[in-house]
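All residue numbers in this chain count up from 1 along the given sequence. Nothing here was measured: the structure is a model prediction, and the numbers come from that model.
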Amino acid sequence: MSHPATPRVTRPRTVLAMSGETRAAILAPEALDRLARVADLDPRLLVTDFGADDPAQRTGLHQAEVLFTGWGCPPLDPAALSAMPRLRAVVHAAGSVKHHITQDVWDRGITVSTAAAANALPVAEYTVAAILFANKNILESARVYRAARSRVNLLERFPGVGNYRRTVGIVGASRIGRRVIELLRPYDLRVLVHDPYLDETDARTLGVERTALDTLAAESDVVTIHAPQLPDTQNLFDAPRLALMQDGATLINTARGSLVDTEALVKEAATGRLNAVLDHTEPEVLPADSPLYDLPNVLLTPHIAGSQGGELHRLADAAVDELERYAHGLPFAHAVDPRTLHQQA
């Protein structure tokens, strides 16, 4: 009786390709130790420029079977790939791979993994916190209390606050959008979702209502954006769509700033009609004189929703998990599909 062959365990020759800042932030000594146990790796070799005139780098890349990448990895264009004839896989210890994975990578049959699922968790957590706080009218109630410095008649000042049976609109059933849906399940909320790739069967499985974008904007107490940056999503929330939102509604943006018309949002927020929680803006850093910094109904954060501080270690753990799967001859758990990459952030 024959038995299935045991997968051959290897220690693939691996090279780090990312910025020095990224390596210092993501690869704590414990992660580097584990990486060195899984892979044949020279931890002193860090590639930040594939064209650098460095003999040690040329030798390392020529022998590399796997690139372990992070933020700051240069594009893997034909010139870069020509220096890596043995390259079979790229393991990305961050989210989007669009900045460094080119069509040439797919043409060579190189497999790619990403830690985007791990990076989605803190963004979803930030979003859920913002949703719950928005429905409790935290910004305004804190401002009122600070001004009064005495007991506030809550039923008189905030008769409609709370998270019971409120409506949340999620724009984009993306990796982050789906994690937000999952985290909202314990709450008594109606959840609407707009995504052109979401069908009715999938919506039922998620326990949400699939709806048109304008309907979502008009019916939601809180709208949160989790769609990718594409030509079709440029200024997705422009002046007419913002005008559809209810008085007192909140717009949350942890996606790309270009999905919201900044000028139109400033005009709406300045009237006090809409609230906003913005972790991404267009431009990414607003001018110092932007009214959004000072409006009391706007919470502006400096791109903090994604993995920061200790959360970065989750990215390293997720990426090393993938490399370990590769070393055991197993497929990646979080492989990037080039056919759907255009739909993603």
Side-chain angles (χ1 to χ4, degrees), residues 95-96 98-99 123-124 126-131 133-135 137-144 166-174 176-177 180 192-196 211-306 342-345:
S96 176
K98 289 183 177 180
H99 302 292
V123 181
Y126 173 107
T127 301
V128 171
I131 290 169
F133 263 40
N135 281 332
N137 215 344
I138 293 297
L139 286 178
E140 185 180 357
S141 64
R143 180 177 58 81
V144 167
R166 302 298 286 275
T167 299
V168 175
I170 297 175
V171 182
S174 58
I176 296 170
V180 171
L192 307 180
V193 176
H194 171 77
D195 189 314
T211 187
L213 184 54
D214 285 350
T215 302
L216 180 149
E219 296 187 7
S220 298
D221 298 290
V222 179
V223 173
T224 178
I225 302 175
H226 303 290
Q229 179 175 270
L230 302 169
D232 290 345
T233 61
Q234 178 80 22
N235 287 337
L236 192 65
F237 274 76
D238 53 11
R241 188 155 285 134
L242 290 170
L244 292 175
M245 295 178 64
Q246 303 175 31
D247 291 355
T250 298
L251 180 70
I252 301 170
N253 189 13
T254 58
R256 299 301 180 190
S258 63
L259 275 67
V260 177
D261 183 331
T262 302
E263 184 178 350
L265 180 61
V266 168
K267 289 179 180 177
E268 286 282 9
T271 68
R273 196 183 76 81
L274 294 181
N275 307 306
V277 178
L278 307 172
D279 193 57
H280 278 264
T281 56
E282 182 68 27
E284 183 174 351
V285 177
L286 292 168
D289 61 352
S290 172
L292 293 176
Y293 285 113
D294 300 311
L295 287 172
N297 51 325
V298 174
L299 176 61
L300 197 61
T301 57
H303 202 161
I304 199 172
H342 69 283
Q343 303 172 15
Q344 302 168 19

Has [X] got a side-chain atom pairing as donor or acceptor with [Y]'s backbone, closer than 3.5 angstrom?
X: S290; Y: P287; result: no
X: H194; Y: A212; result: no
X: Q234; Y: L259; result: no
X: D214; Y: A217; result: no
X: N297; Y: R273; result: no

Can you tell me how far apart [atom1] ([X]) and [atom2] ([Y]) are? Round to the nearest 0.5 Å.
X: L299; Y: I138; atom1: CG; atom2: CD1; value: 11.5 Å
X: I170; Y: T211; atom1: CD1; atom2: OG1; value: 13.0 Å
X: T301; Y: L278; atom1: OG1; atom2: CG; value: 7.5 Å
X: E219; Y: Q246; atom1: CD; atom2: CD; value: 8.0 Å
X: Y126; Y: T224; atom1: OH; atom2: OG1; value: 9.5 Å
X: L213; Y: T215; atom1: CG; atom2: OG1; value: 8.5 Å

Restricting to non-hydrogen atoms, name the atom on [X] and the atom on [Y] that form the minimum distance, rounded to 0.1 Å.
X: L286; Y: Y293; result: O-OH, 3.0 Å
X: H226; Y: A255; result: CA-CB, 4.3 Å
X: V298; Y: L292; result: CG1-O, 3.6 Å
X: D279; Y: I304; result: OD1-N, 2.7 Å
X: L242; Y: D261; result: CD1-O, 4.5 Å
X: V193; Y: A173; result: CG1-CB, 4.1 Å

Close side-chain approach of [X] and [Y], heavy atoms under 4.5 Å:
X: F237; Y: V223; value: yes
X: I225; Y: L251; value: yes
X: V128; Y: V180; value: yes

- request: Begin from the C-alpha positions of R241 and L236 and carry the test side-chain contact (heavy atoms from CB on, under 4.5 Å) through to its verdict.
  value: CA-CA 8 Å; R241 188 155 285 134; L236 192 65; 4.1 Å; yes

task: Run the numbers on N275 and L139 for side-chain contact (heavy atoms from CB on, under 4.5 Å), then give the verdict.
output: CA-CA 9 Å; N275 307 306; L139 286 178; 5.6 Å; no

- prompt: For residues S258 and Q229, is any side-chain donor paired with an opposing acceptor at under 3.5 Å?
  reply: yes

